[in-house]
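Data first, discussion second: the structure below is written as structure tokens.
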Amino acid sequence: MSKELISGAEALMRSLEHQGVKTIFGYPGGSIMPVFDALYDHQNLIHHILVRHEQGAVHAAQGFARASGNVGVCLVTSGPGATNTVTGIADAMIDSTPIVVIAGQVGVGFLGTDAFQEVDLVGITQPITKWSYQIRRAEDVAWAVARAFYIANSGRPGPVVLDFAKNAQIEKTDFIPTKVDFIRSYIPTPDTDMNQLSEAAALINSAQRPLVLVGQGVELGSAQKELQQFIEKADIPAGCTLMGLSALPTAHPLNKGMLGMHGNLGPNINTNKCDVLIAIGMRFDDRVTGNLATYAPQAKVIHFDIDPAEIDKNVKTDIAVLGDCKYTLTEIIQLIEPSQHTEWIESFKDYEELEYERVIHPELFPKNNVLSMGEVVRAVSDATCHEAILVTDVGQNQMMAARYFKYTKDRSIITSGGLGTMGFSLPAAIGATFGRPDRTVCSFMGDGGLQMNIQELGTIMEQNAPVKIIVLNNNYLGNVRQWQAMFFNRKYSFTPMMNPDYMKIASAYNIPSKRVATREELEQGIEEMLTTEGPFLLEACVIEEGNVMPMTPPGGSVNQMLLEC
């Protein structure tokens with residue numbers, strides 16, 4: 001019996017279906033046209049979302065992956081289509097987001113000739129991916145796709161690039177569904193040293209002032225339940241990184257808030273007072289540690305992580321517990337003793353009261369009639385019963401949203417943490433609505449970030465994606481302006497923004513919208529936004545020179561936070 005021969009492009013479609021892919025974000029072009037031709041006949045199984053820019057495709061795939069826990073997929077052409085994905089790929093790499101980017105490429109016979117829209121995508125992306133591979137033969141498609149998805153979603157997740165030569169898209173091959181669950185020399189999850197685990201448990205049992213640092217690894221490892229069991233049994237207060245905020249409900253009594261430059265006073269100051277520092281699934285980013293020379297010098301450090309490369313990279317570790325944190329936390333729970341650290345936990349209250357009096361209350365209840373960023377964020381969070389997915393852009397809107405949004409469910413914050421990519425929120429929120437259509441998605445951004453990828457309003461229009469867009473408009477590139485105010489003698493060099501009429505722009509895209517400038521308008525606007533089916537753009541005119549506080553100054557120590565500008 002003769003084998004069925006199909007094109008490499010058709011093999012790609014079948015391979016994606018074999019991986020369970022139902023959603024793709026993409027933009028067609030010359031070198032990927034055979035794939036889009038094959039995709040036309042698979043629309044009943046694979047929903048393709050046409051974005052308006054390839055960067056938007058990658059960010060949408062990231063939002064999909066972060067909201068759903070599944071691999072995000074985007075499909076683009078060669079040359080500028082491929083290079084437009086680079087920012088999103090780098091963003092996914094540093095934030096450990098599992099995506100597969102499939103890009104067209106000129107035929108093998110044209111490689112190296114500077115053919116039209118030829119670019120060395122593998123060479124460009126190798127430093128910013130877990131794996132970057134060029135498919136040159138149709139017969140390699142099934143293997144490459146299976147390998148790509150396994151690498152992207154195993155161990156510490158991350159991006160994979162498949163550079164798909166045009167001849168391989170057209171050539172014929174027989175298709176055999178392929179599964180990859182082992183690659184020689186690739187160890188996604190290292191074995192856990194039980195001796196290290198026992199030593200960690202002994203150190204935790206003897207600690208008087210232990211502190212847990214919760215990172216995104218807890219979310220990626222689906223270890224939220226184990227984390228709560230661990231801190232509750234040992235009675236250990238916890239602080240969360242920006243990326244790990246929703247791993248622990250905001251209202252949990254042991255959750256002491258956000259770590260880092262614009263985090264809460266208590267967990268930051270007490271980092272330099274604890275005797276045992278327990279980092280779980282976090283990488284000691286510089287925005288968390290501040291000056292490494294003065295970071296927790298008094299503490300013994302225990303680091304739980306799946307990636308050996310993170311151990312001792314920034315902070316010297318006394319005990320390293322390698323492995324998937326869902327497994328390692330489950331194991332250490334059995335080894336630790338029930339404990340109480342009442343006096344230590346009480347020590348956070350003074351900082352909480354000071355921060356509330358000097359920072360939080362003035363932000364949430366301003367004395368003037370101008371809206372503050374924080375009160376807008378908290379009002380939206382309250383109106384969604386703290387159950388929405390928060391997608392932020394980058395800058396003051398990001399820090400205010402992270403600080404004043406509340407979290408009751410896991411996988412509830414999607415933000416560009418490591419790369420800090422302006423323009424991230426709008427396309428990422430689109431992806432999140434497809435990844436979790438059962439949840440409300442609130443996309444916060446500044447007037448600067450919105451204009452970075454404003455064209456994706458077209459994608460929202462076409463898909464009727466129910467993104468609730470909240471623009472915190474202060475007519476500045478706010479975060480840079482704040483630094484200019486604090487460290488550059490208020491020389492506002494090219495940070496004031498002349499903005500368009502966002503209401504007219506939303507209207508052009510058939511997106512309902514409302515501009516609010518008073519508290520009464522804010523309440524009405526939020527209600528209208530949340531009761532309107534489909535997308536909505538809410539523009540909040542906020543105080544122009546508002547600042548995000550507290551703040552650890554650049555190069556400062558975590559226990560030296562400024563309370564005012």
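Nothing fancy with the numbering, it's 1 onward along the sequence.
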Quiz item: About how many Å separate CG of Leu39 and CE of Met13, when rounded to the nearest 0.5 Å?
Solution: 5.0 Å
Self-check item: Ser15 side chain to Ala11 backbone, donor-acceptor under 3.5 Å
Solution: yes
Exercise. Examine the side chains of Ser412 and Ser246 and answer whether a donor and an acceptor come within less than 3.5 Å of each other.
Key: no
Quiz item: Think Arg481 forms a cation-pi with Tyr492, using NZ or CZ under 6.0 Å from the six-ring centre and within 45 degrees of its axis?
Solution: yes
Quiz item: So, do Leu245 and Thr250 sit near enough that their side-chain heavy atoms are less than 4.5 Å apart?
Solution: no
Self-check item: Derivation and outcome, side-chain contact (heavy atoms from CB on, under 4.5 Å), residues Val73 and Gln19
Solution: CA-CA 11 Å; Val73 181; Gln19 293 294 330; over 6 Å; no
Quiz prompt | Note, Met373 side chain near Tyr404 side chain (heavy atom, < 4.5 Å) | solution = no
Exercise. Mind running ring pair (Phe, Tyr, Trp, His ring centres under 6.0 Å) on Trp131 and Tyr150 for me, showing each step along the way?
Key: CA-CA 11 Å; Trp131 186 51; Tyr150 173 62; over 10 Å; no
Quiz item: Would one find more than 12 heavy atoms of other residues, nucleotides or ligands at under 6.0 Å from atom CE of Met33?
Solution: no
Quiz item: What distance separates Ile89 CD1 from Leu121 CG, expressed to the nearest 0.5 Å?
Solution: 6.0 Å
Quiz prompt | Side-chain touch Met422/Leu477, heavy atoms, less than 4.5 angstrom | solution = yes
Quiz item: Counting only heavy atoms not in Arg287, do more than 12 fall under 6.0 Å of its CZ?
Solution: no
Self-check item: Gln482 side, atom CD; His262 side, atom NE2 - distance, nearest 0.5 Å
Solution: 5.5 Å
Practice problem: Work out which heavy atom in Leu213 is nearest to a heavy atom in Leu259; give both atom names and the distance. | Solution: CD2-CD1, 3.7 Å
Practice problem: Starting from the C-alpha separation in whole Å, work towards a yes-or-no answer on side-chain contact (heavy atoms from CB on, under 4.5 Å) for Glu387 and Thr440. | Solution: CA-CA 8 Å; Glu387 294 182 347; Thr440 300; over 6 Å; no
Quiz item: What are the two closest heavy atoms between Ser78 and Gly104, and how far apart are they?
Solution: CB-O, 3.0 Å
Quiz item: What do the steps show when you test Val161 against Thr85 for side-chain contact (heavy atoms from CB on, under 4.5 Å), and what is the final call?
Solution: CA-CA 10 Å; Val161 166; Thr85 67; 5.9 Å; no
Quiz item: Would you say Gln105's side chain and Val119's backbone share a donor-acceptor pair under 3.5 angstrom?
Solution: yes
Exercise. Show the numbers, then the answer: is there a salt bridge (charged side-chain N to carboxylate O under 4.0 Å, His left out) between Arg52 and Glu462?
Key: CA-CA 11 Å; Arg52 299 307 189 258; Glu462 183 172 327; 2.7 Å; yes
Self-check item: Heavy-atom side-chain proximity of Gln117 to Pro80 below 4.5 angstrom
Solution: yes
Quiz item: With a 3.5 Å cut-off and no angle check, do the side chains of Asp447 and Asn475 form a donor-acceptor pair?
Solution: no
Practice problem: I would like to know whether Ser132 and Thr125 meet side chain to side chain donor-acceptor pair (under 3.5 Å); could you show each step before the answer? | Solution: CA-CA 7 Å; Ser132 192; Thr125 59; 2.8 Å; yes
Quiz prompt | Which atom of Leu390 lies closest to which atom of Ala401, heavy atoms considered | solution = CD2-O, 3.7 Å
Quiz item: Please walk me through it: do Lys313 and Glu310 pass salt bridge (charged side-chain N to carboxylate O under 4.0 Å, His left out)?
Solution: CA-CA 5 Å; Lys313 186 177 79 173; Glu310 291 300 337; 3.0 Å; yes
Quiz item: Between Glu523 and Arg519, does a salt bridge (charged side-chain N to carboxylate O under 4.0 Å, His left out) hold up when you go through it step by step?
Solution: CA-CA 6 Å; Glu523 184 178 351; Arg519 282 168 194 95; over 6 Å; no
Quiz item: Do Val122 and Asp120 have side chains that get closer than 4.5 Å, going by heavy atoms?
Solution: yes
Quiz item: Going by the angle between their ring planes, with limits at 30° and 60°, are Phe405 and Tyr407 parallel, tilted or perpendicular?
Solution: tilted
Quiz item: Hey, mind stepping through Thr241 and Asp285 against side-chain contact (heavy atoms from CB on, under 4.5 Å) and telling me if it holds?
Solution: CA-CA 9 Å; Thr241 68; Asp285 176 76; over 6 Å; no
Quiz item: Which distance, rounded to the nearest 0.5 Å, do you find between the OG of Ser68 and the CZ of Arg411?
Solution: 7.0 Å
Practice problem: For Ala247 and Leu227, work out which heavy atoms get closest and say how close. | Solution: O-CD2, 4.1 Å
Exercise. Could you tell me whether Glu375 and Arg378 make a salt bridge, using a distance below 4.0 angstrom between a side-chain N and a carboxylate O?
Key: no
Quiz prompt | Donor-acceptor under 3.5 Å (Lys514 side chain, Gly525 main chain) | solution = no
Practice problem: Please determine which of Glu539, Glu521, Glu528 meets the salt bridge (charged side-chain N to carboxylate O under 4.0 Å, His left out) test together with Arg515. | Solution: Glu539
Practice problem: Give a yes or no answer on whether the side chain of Asn314 reaches the backbone of Arg283 with a donor-acceptor pair at less than 3.5 Å. | Solution: yes
Quiz item: Within the distance-only criterion (no hydrogens, no angle test), does the side chain of Gln396 pair as donor or acceptor with the backbone N or O of Gly546 below 3.5 angstrom?
Solution: yes
Self-check item: Tyr27 atom OH: more than 12 heavy-atom contacts under 6.0 Å
Solution: no
Practice problem: For Asp501 and Lys504, indicate whether the former's side chain and the latter's backbone hold a donor-acceptor pair under 3.5 Å. | Solution: yes
Quiz item: Between Thr23 and His47, does any side-chain donor sit less than 3.5 Å from a side-chain acceptor?
Solution: no
Quiz item: To the nearest 0.5 Å, how far apart are CZ in Arg66 and CD1 in Ile414?
Solution: 6.0 Å
Exercise. Assess the side chains of Ser416 and Asp91: does a donor N or O sit below 3.5 Å from an acceptor N or O?
Key: yes
Quiz item: Regarding Gln62 and Asp95, is there a side-chain donor-to-acceptor distance under 3.5 Å anywhere?
Solution: no
Quiz prompt | Ser7 and Glu10 side chains, donor-acceptor separation under 3.5 Å | solution = no
Self-check item: Atom CD of Glu544: over 12 foreign heavy atoms under 6.0 Å
Solution: yes
Practice problem: Return yes when atom CG of Asp114 has more than 12 non-hydrogen atoms of other residues, nucleotides or ligands closer than 6.0 Å, and no otherwise. | Solution: no
Quiz item: Is there a donor-acceptor pair closer than 3.5 Å between any side-chain N or O of Ser96 and the backbone N or O of Arg156?
Solution: no
Practice problem: Flag the pair Val394 / Asn479 as yes when at least one side-chain heavy-atom distance between them is below 4.5 Å, and no otherwise. | Solution: no
Practice problem: Answer yes or no: is there a side-chain heavy-atom contact under 4.5 Å between His18 and Phe149? | Solution: no
Quiz item: Which atom names give the shortest non-hydrogen contact between Val106 and Ser31, and what distance separates them?
Solution: N-OG, 4.1 Å
Quiz prompt | Glu533 atom CD, neighbour heavy-atom count above 12 within 6.0 Å | solution = no
Self-check item: Close side-chain approach of Pro159 to Ile99, heavy-atom, < 4.5 Å
Solution: yes
Quiz item: Do you see a donor-acceptor pair shorter than 3.5 Å between the side chains of Ser372 and Glu363?
Solution: yes
Quiz prompt | Heavy-atom closest pair, residues Pro512 and Asn510 | solution = CD-O, 3.7 Å
Quiz item: Using a distance-only test with no angle check, is there a side-chain donor-acceptor pair under 3.5 angstrom linking Gln43 and Asp41?
Solution: no
Exercise. Rounded to the nearest 0.5 Å, what's the gap from CG on Asp393 to CZ on Phe444? Could you check?
Key: 12.5 Å
